[in-house]
Amino acid sequence: MKLYFSRNPNPRLAVATARFLNAEVAFEFAEPLAPGQADRYRPLNPNLLLPILERPGRALWEADAIACFLSRTLGSNFWRRDDDEPEMIRWISWGKENFVKACDMVHWERGTKLRYGIGPCEEAMVEEGLRSFHRAARLLEAELSGRAWLLGDSISYADFRMATFLPYNDVARLPIADYPALARWAGQLDEIEVWRDPFGGLAAPEMPPLPA
C-alpha cells in the first residue's frame with residue numbers, strides 16, 4: 001500500500017496515524033493540484049485532495065476513513081472497535097464541527113491564505129474563529145480535567161483528530177495555554193514522536209514560508 005501525502009493538516013494526520021500504527025505502507029509526497037498532475041491522481045481521488053491510500057482494489061481517501069481501515073487491518077483498538085466506538089465517533093463528529101473547525105478557521109486566515117497567496121488575512125474571520133475556539137475549548141477543558149485522553153486512560157484516534165491543527169499553532173496562535181487541561185493534553189500528544197514529527201525520514205518538501 002502507498003499513502004500519498006503533503007505537509008498540510010489532514011495528510012499530516014494520516015501520516016501520523018499510519019506511523020503510530022506501524023502500518024506497512026510506503027509514503028509518497030504528492031501534489032495532485034500541481035500543473036500536469038491531475039490525470040495521475042484523479043482515478044485515485046476525484047476530488048484531487050490528499051491524503052490518498054492506494055491499496056489493492058479501490059483507493060481510499062479521507063483521513064478518517066484511512067485511519068479506520070489501517071486500524072482495523074492491523075487489529076488495533078486505536079480506532080475503537082469495542083463499546084467505546086460510539087463515544088469516539090461522537091468526539092470525531094463534534095470536533096470536526098466545533099473545535100477542529102474553529103482551529104481551521106483561524107489557521108486558514110493566519111496561515112494558509114498568506115502561505116499560498118490566496119488573499120489577505122481577514123481579521124473579522126479570525127475573531128469569529130476565536131469565538132468558536134473558546135466555546136469549544138471550554139467544553140474540552142471540562143472534559144479533559146477529569147481524564148487523560150478523550151476516551152479515558154488510553155489514546156485513541158479521536159485525540160489525533162481533535163488535535164489536527166495544533167501542530168500549526170505557531171502560525172494560528174490559538175490561546176491553548178488559557179486552558180490548562182487542554183494544554184496538558186496537547187503536551188501529551190507532543191511527547192509522541194510520530195505525532196510531533198510524522199515526516200521524519202520522509203521526502204517531504206517544506207510548505208512555502210509565510211511572507212515577511
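Values reported hereafter were calculated over all heavy atoms of this structure, with side chains retained and with hydrogens, waters and symmetry mates removed.
- At distances below 3.5 Å, at least one donor-acceptor pair connects side-chain atoms of Asn169 with backbone N or O atoms of Leu174.
- Atom CG of Asp170 has more than 12 heavy atoms from other residues, nucleotides or ligands within 6.0 Å.
- Under the 4.5 Å side-chain heavy-atom criterion for Ile, Leu, Val, Met, Phe, Trp and Tyr, Leu48 and Leu50 are members of the same hydrophobic cluster.
- For the residue pair Thr112 and Arg115, no side-chain donor N or O sits within less than 3.5 Å of a side-chain acceptor on the partner.
- Going from atom CG of Leu140 over to atom CZ of Phe133 covers 8.5 Å, rounded to the nearest 0.5 Å.
- A pairwise comparison of heavy atoms in Leu114 and Cys121 identifies CD2-N, 3.8 Å as the closest pair.
- Residues Arg81 and Ser71 are not in side-chain contact: their nearest non-hydrogen atoms beyond the backbone lie 4.5 Å or more apart.
- A distance of 11.0 Å separates CG in Leu130 from CZ in Arg135, rounded to the nearest 0.5 Å.
- Atom CG of Asp104 sits about 10.5 Å away from atom NZ of Lys96, to the nearest 0.5 Å.
- Under the 4.5 Å side-chain heavy-atom criterion for ILVMFWY residues, a single connected hydrophobic cluster contains both Leu60 and Val25.
- Side-chain contact check for Ile155 versus Leu189: some heavy-atom pair is nearer than 4.5 Å.
- When atom types are taken as modelled, the side chain of Ser132 and the backbone of Glu128 share a donor-acceptor pair closer than 3.5 angstrom.
- Taking every heavy atom of both residues into account, Ala163 and Pro167 meet most closely at O-CD, 3.2 Å.
- Judged by a 6.0 Å distance limit and a 45° cone about the ring axis, Arg80 is not positioned over the six-membered ring of Tyr157.
- No donor-acceptor contact under 3.5 angstrom links the side chains of Trp61 and Asn47, judged on distance only.
- Considering all non-hydrogen atoms of both residues, Trp185 and Ala148 come closest at CD1-O, 3.9 Å.
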Quiz item: Are Glu28 and Arg40 close enough, and set up right, to give a salt bridge (charged side-chain N to carboxylate O under 4.0 Å, His left out), and what steps lead you there?
Solution: CA-CA 13 Å; Glu28 183 172 318; Arg40 176 185 178 188; 2.6 Å; yes
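- Between Pro32 and Leu49 there is no side-chain heavy-atom pair separated by less than 4.5 Å.
- A distance of 10.0 Å separates CD of Glu141 from CD1 of Ile176, quoted to the nearest 0.5 Å.
- Taking CE of Met88 as the reference point, atom CG of Asp83 lies at 13.0 Å (rounded to 0.5 Å).
- Side-chain contact between Thr17 and Val194: absent, with no pair of heavy atoms (C-beta onward) separated by less than 4.5 Å.
- Residues Ala59 and Leu44 approach most closely at CB-O, 3.6 Å, considering heavy atoms.
- Under the 4.5 Å side-chain heavy-atom criterion for Ile, Leu, Val, Met, Phe, Trp and Tyr, Ile66 and Leu202 are members of the same hydrophobic cluster.
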Self-check item: Working for side-chain contact (heavy atoms from CB on, under 4.5 Å), residues Tyr41 and Glu31
Solution: CA-CA 9 Å; Tyr41 294 101; Glu31 295 180 281; over 6 Å; no
Exercise. Run the numbers on Phe160 and Phe78 for ring-ring contact (aromatic ring centres under 6.0 Å, His included), then give the verdict.
Key: CA-CA 10 Å; Phe160 272 27; Phe78 183 59; 5.0 Å; yes
Practice problem: Could you go through the side-chain contact (heavy atoms from CB on, under 4.5 Å) check for Trp79 and Leu70 one step at a time? | Solution: CA-CA 9 Å; Trp79 181 283; Leu70 291 177; over 6 Å; no
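- Arg131 places no side-chain N or O within donor-acceptor distance of the main-chain N or O of His134, the cut-off being under 3.5 Å.
- Separation of atoms CD1 (Ile52) and CD (Glu62) is listed at 10.5 Å; rounding is to 0.5 Å.
- In this structure, Met1 is a member of the same hydrophobic cluster as Phe29, with clusters built from ILVMFWY side-chain heavy atoms closer than 4.5 Å.
- Other residues, nucleotides and ligands contribute over 12 non-hydrogen atoms within 6.0 Å of the CD atom of Gln37.
- A donor-acceptor pair is defined here as one N or O able to donate and one able to accept, closer than 3.5 Å; no such pair exists between the side chain of Asn98 and the backbone of Gly95.
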Self-check item: Audit row: Tyr168, Met207, side-chain contact (heavy atoms from CB on, under 4.5 Å) steps and yes/no
Solution: CA-CA 12 Å; Tyr168 304 85; Met207 292 189 293; 3.7 Å; yes
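- Not less than 6.0 angstrom separates the ring centroid of Trp195 from the ring centroid of Phe20.
- Contact record, Val15 with Pro198: CG1-O, 3.4 Å, taken as the closest heavy-atom pair.
- Between the side chain of Arg7 and the backbone N or O of Pro205 there is at least one donor-acceptor pair closer than 3.5 Å.
- Arg147 CZ: more than 12 foreign heavy atoms inside a 6.0 Å radius.
- Heavy atoms of other residues, nucleotides or ligands lying less than 6.0 angstrom from CG of Asp82 number more than 12.
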Exercise. Go through Arg161 and Asp64 one step at a time and tell me if the salt bridge (charged side-chain N to carboxylate O under 4.0 Å, His left out) criterion holds.
Key: CA-CA 8 Å; Arg161 168 47 84 185; Asp64 296 347; 2.9 Å; yes
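- Leu3 is listed as a side-chain neighbour of Pro51, based on a closest heavy-atom distance under 4.5 Å.
- For the pair Leu150 and Met162, the minimum side-chain heavy-atom distance is below 4.5 Å.
- Between the side chain of Arg196 and the backbone N or O of Asp190, at least one donor-acceptor pair lies under 3.5 Å.
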Quiz item: Is there a salt bridge (charged side-chain N to carboxylate O under 4.0 Å, His left out) between Arg90 and Glu87 once you walk through the steps?
Solution: CA-CA 5 Å; Arg90 187 268 308 273; Glu87 185 176 359; 3.4 Å; yes
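- Counting only heavy atoms from C-beta outward, the side chains of Tyr179 and Leu144 never approach each other to under 4.5 Å.
- Under the 4.5 Å side-chain heavy-atom criterion for Ile, Leu, Val, Met, Phe, Trp and Tyr, Tyr4 and Phe69 are members of distinct hydrophobic clusters.
- We find that Lys113 and Glu122 are joined by a salt bridge, their nearest charged nitrogen and carboxylate oxygen being less than 4.0 Å apart.
- Counting only heavy atoms from C-beta outward, the side chains of Trp94 and Phe99 approach each other to under 4.5 Å.
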